[in-house]
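Counting begins at 1 with the first residue of the sequence. Quick note: numbers below take in every heavy atom, side chains included, and nothing from hydrogens, waters or symmetry partners.
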Amino acid sequence: MLKAVIVVLMLAVVVSLFSGLFFLIKDGGKTNRVVNSLAVRVTLSILLLAVILIALWQGSLTLNPTPF
């Protein structure tokens with residue numbers, strides 16, 4: 001369940017990224033939609049980081065001890 005939440009948050013960040021690009025191209029940066037998209041993306045990224053850190057702290061996620 002936790003991994004699904006992480007994947008959904010990552011996908012939401014990517015969707016927000018591309019929606020900001022779309023608004024930048026369509027509006028030419030004249031409206032606030034690009035800024036709103038950036039704010040949503042930053043908020044989702046902070047939420048994603050918080051979820052990962054809390055899951056690591058609680059032991060729900062573990063780090064890979066060896067990279068090989």
Side-chain touch Ile46/Val42, heavy atoms, less than 4.5 angstrom
yes
With a 4.5 Å limit on heavy-atom distance, are the side chains of Leu47 and Thr43 in contact?
no
Working note: Leu21 + Leu17, criterion side-chain contact (heavy atoms from CB on, under 4.5 Å); need CA distance, chi angles, decisive distance, verdict.
CA-CA 6 Å; Leu21 177 65; Leu17 175 69; over 6 Å; no
With a 4.5 Å heavy-atom cut-off, do Thr31 and Asn36 have their side chains touching?
no
Give the cluster check for Leu48 versus Ile54: same hydrophobic cluster or not, with ILVMFWY residues linked at side-chain heavy-atom distances below 4.5 Å.
no
When every non-hydrogen atom of Ile6 is compared with those of Val51, the smallest separation belongs to CG1-CG1, 4.2 Å
Pairs where residues 32-41 contributes a residue and the test salt bridge (charged side-chain N to carboxylate O under 4.0 Å, His left out) is met, not counting sequence neighbours
Asp27-Arg33
Scan the side chains in residues 7-15 for donor-acceptor partners under 3.5 Å anywhere in the protein, sequence neighbours excluded, and list what turns up.
none

To the nearest 0.5 Å, atom CG of Leu38 lies from atom CG of Asn32 at 11.5 Å
Can you give me the closest heavy-atom contact between Ser16 and Ser37, atom names plus distance?
O-OG, 2.8 Å
